Amino acid sequence: MPHTQYARGRFLFGGDYNPEQWSRETWAEDIALMRRAKVNTVTIGVFSWAMLEPSEGEYDAAWLDDVIAGLDAAGIGFFLATPTASPPPWFTVAHPDALPIRADGTPVLHGSRDTYAISAPAYREAARRIARFLGERYGTHPGLRGWHIHNEYGTVDYGPHAARAFREWLRAKYGSIEALNTAWYTAFWSQRYREWDQILPPLQTQYLHNPAQLVDFRRFNSDEMLAAYGEQRSEIRATGSTAPMTTNFMLPTWNFLDQWSWSAEQEVVSIDHYLDTDGPDGETHVAYGSDLTRSWAGGPWLLMEQNATGIRVGEQTLVKQPDRMIRNSLGYIARGSQSSLFFQWRASAAGSELWHGALVPHAGADSRAFGAVVELGGILEKIAEVAAPPGDGVVVESDVAVVWDAEGWWSLETPHLPNDAITYSDEVRAAHRALWRGGHAVDFVAPGADVSRYRMLVVPALYAITAATVDWFEEYVRAGGHLVVTFATGLADENQRIVPGGYPGMLRDLLGIRGEQILPRADGDMVPLSNGMTGGSWTELLHAETADVVARYESGPLAGVPAITRRELGEGSATYVSTKLEQESLDAFLAGVASTAGVEAVFPESRAFGVEAIRRRGAEGDYLFLLHHGERPVRVDGEGVDLITGAVDGVVLQPGAVAVIREGSAAWSIAAAS
Ligand code: GLA
């Protein structure tokens with residue numbers, strides 16, 4: 001639900017601000033520079049616990065009062081973080097039992113950050129206390145844009161507190177130890193439990209863990225962290241603060257949480273997003289993170305952090321060029337972000353992240369990097385009208401959705417599957433990338449969501465599913481949807497139990513197929529298909545029962561065996577792809593299904609020129625975002641006004657440039673420009 005706080009024709013611009021690292025003279029310069037760049041929002045307090053509570057129960061927030069007063073005087077709003085991701089040294093010295101324990105049984109000590117055992121009562125109590133303190137002191141401050149609870153929840157503890165809480169969670173889930181024994185299939189390897197107290201977190205074992213136990217532990221952790229979040233929320237709400245709350249998720253690859261259930265507990269959903277490559281695929285990464293977060297949020301969302309100047313790849317921090325920083329920022333906004341926020345405002349002079357990028361680099365304001373920040377501030381002001389969120393929450397309309405499911409991810413991570421080189425994240429990303437390359441707007445959905453508005457639904461590598469999910473797929477297809485299921489989907493139920501009688505046991509009937517055997521292939525050992533496409537990594541000895549064969553394996557032990565099948569059912573179709581298609585093949589294959597399903601690209605001609613087109617819906621009309629990732633100037637003609645340059649009914653885009661066009665109704669065309 002969009003909160004009115006974010007409905008005022010204003011994008012939030014700024015980032016994490018850590019004034020405790022700097023002198024008061026620098027604070028004054030910070031404010032002046034923020035004004036110069038039109039920064040309107042900072043996030044404070046993320047790592048301030050040791051400053052705010054120098055010893056247990058003793059508070060010192062006078063410095064924060066001054067920081068907030070300075071921001072306020074300059075008209076700059078703030079997110080206030082609860083600092084609970086980084087307990088101070090006094091805390092861990094006083095409460096050594098609240099240190100997290102690794103799976104190998106060793107404790108993690110303070111000296112970095114994120115050092116907490118989420119289930120430790122002392123930690124939970126201390127977290128509640130500092131949240132309450134901040135709520136009482138700042139909860140009704142007019143400059144407060146929202147609460148930033150904790151930072152990137154994700155420290156997993158395997159210690160005694162976790163064991164106790166895990167057992168409680170299991171008891172609530174299963175009711176009886178017999179039910180747990182059945183669900184966990186403890187007949188295997190003599191694991192039968194007689195008492196709840198015999199159950200452990202999946203600590204280091206001699207050999208493989210029980211997969212059902214592993215997935216339950218992941219489910220438990222997500223719920224346990226959400227409970228900790230909920231406690232902080234209650235403390236703050238009890239002080240009378242009504243400001244919206246969020247906690248910053250971290251990257252689409254952060255798989256400690258079930259983001260669907262977490263998003264339902266937040267007024268605004270936010271994410272930190274860091275590019276994983278300086279190459280062109282970084283653009284698909286921006287789209288991927290944005291589409292996921294918008295989908296979790298069900299509407300507008302916040303980009304809480306990105307790096308202004310750097311891209312960490314392997315052992316190097318590569319440069320994010322100014323034009324890319326601006327283009328990426330607009331890419332997030334095009335896909336529903338209400339903000340362009342960064343980590344961090346000013347580059348640290350020392351400390352663990354002293355070489356991390358920032359809005360104000362080490363060189364200071366007299367720099368190309370800060371020049372780009374000022375430019376971005378100007379652009380965000382020019383396009384401010386786009387920020388008005390529509391009443392129904394939909395900011396990007398799409399006809400195609402991809403199923404994304406944390407539990408499915410955790411299931412595919414259990415060890416000793418036919419091919420452990422297959423990762424959920426890569427498979428979902430590959431499907432999204434293919435649709436991105438086709439120029440489609442894409443949503444993600446949770447199993448069981450309302451999918452009636454999508455013409456096409458893609459289900460990548462969803463290893464474990466429930467009977468309810470099977471019914472949901474069937475209903476979707478019968479009603480006219482086009483379902484595409486890829487390999488490694490539906491092999492097991494929610495307890496990681498194979499459904500016998502042929503693969504994929506859960507989906508055999510719906511897909512009209514029966515797999516006898518899975519034949520994984522080594523990385524790079526590709527297999528041609530009869531439709532000219534190429535598969536690899538995973539192949540199956542498959543029989544088409546009630547389905548039609550779309551393509552067969554062309555060579556090797558499976559020559560002549562169905563590789564891709566399609567079953568028509570009701571008004572729709574259910575397609576199965578039994579192999580990992582090479583990216584180009586997947587691009588072409590999903591493009592084919594999309595065209596059969598009637599899924600249209602936003603601006604199909606633009607792709608050949610390297611121009612990404614995204615349509616964002618505003619309260620008054622549509623905005624066409626054009627992000628030029630290509631290498632030659634282009635001219636785009638149509639009906640509308642570019643809010644950035646003021647150009648009417650057409651715009652020339654230089655390589656790297658961006659346009660945000662308030663659209664009329666005429667169609668757009670594109671051509672090379674000189
Ligand atoms: C995360 C954290 C920040 C900072 C950045 C660095 O997103 O929230 O505190 O460490 O990573 O990229």
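Model, not experiment: these values are computed from the prediction. Each ligand, and each atom within it, is numbered from 1 in the order the structure gives.
- Counted by atom type alone, Thr246 and Trp147 present zero donor-acceptor pairs between their side chains at under 3.5 Å.
- The protein residues lying under 4.0 angstrom from ligand 1, judged by non-hydrogen atoms, are Phe47, Arg113, Asn151, Glu152, Met250, Asp272, Tyr274, Glu305, Phe343, Glu353, His356.
- The ring-ring contact (aromatic ring centres under 6.0 Å, His included) test applied to Phe444 returns Tyr288, His432, not counting sequence neighbours.
- Partners of Pro121 under the side-chain contact (heavy atoms from CB on, under 4.5 Å) rule, at least two apart in sequence or in another chain, are His161, Arg164.
- Using a cut-off of 4.0 Å between Lys/Arg side-chain N and Asp/Glu carboxylate O, Glu267 and Arg237 are scored as salt-bridged.
- Every residue two or more places apart in sequence or in another chain that forms a side-chain contact (heavy atoms from CB on, under 4.5 Å) with Glu152 is listed here: Arg113, Asn248, Met250, Trp254, Asp272, Glu305.
- Under the 6.0 Å cut-off for aromatic ring centres, Phe78 and Tyr17 do not qualify, their centroids lying 6.0 Å or more apart.
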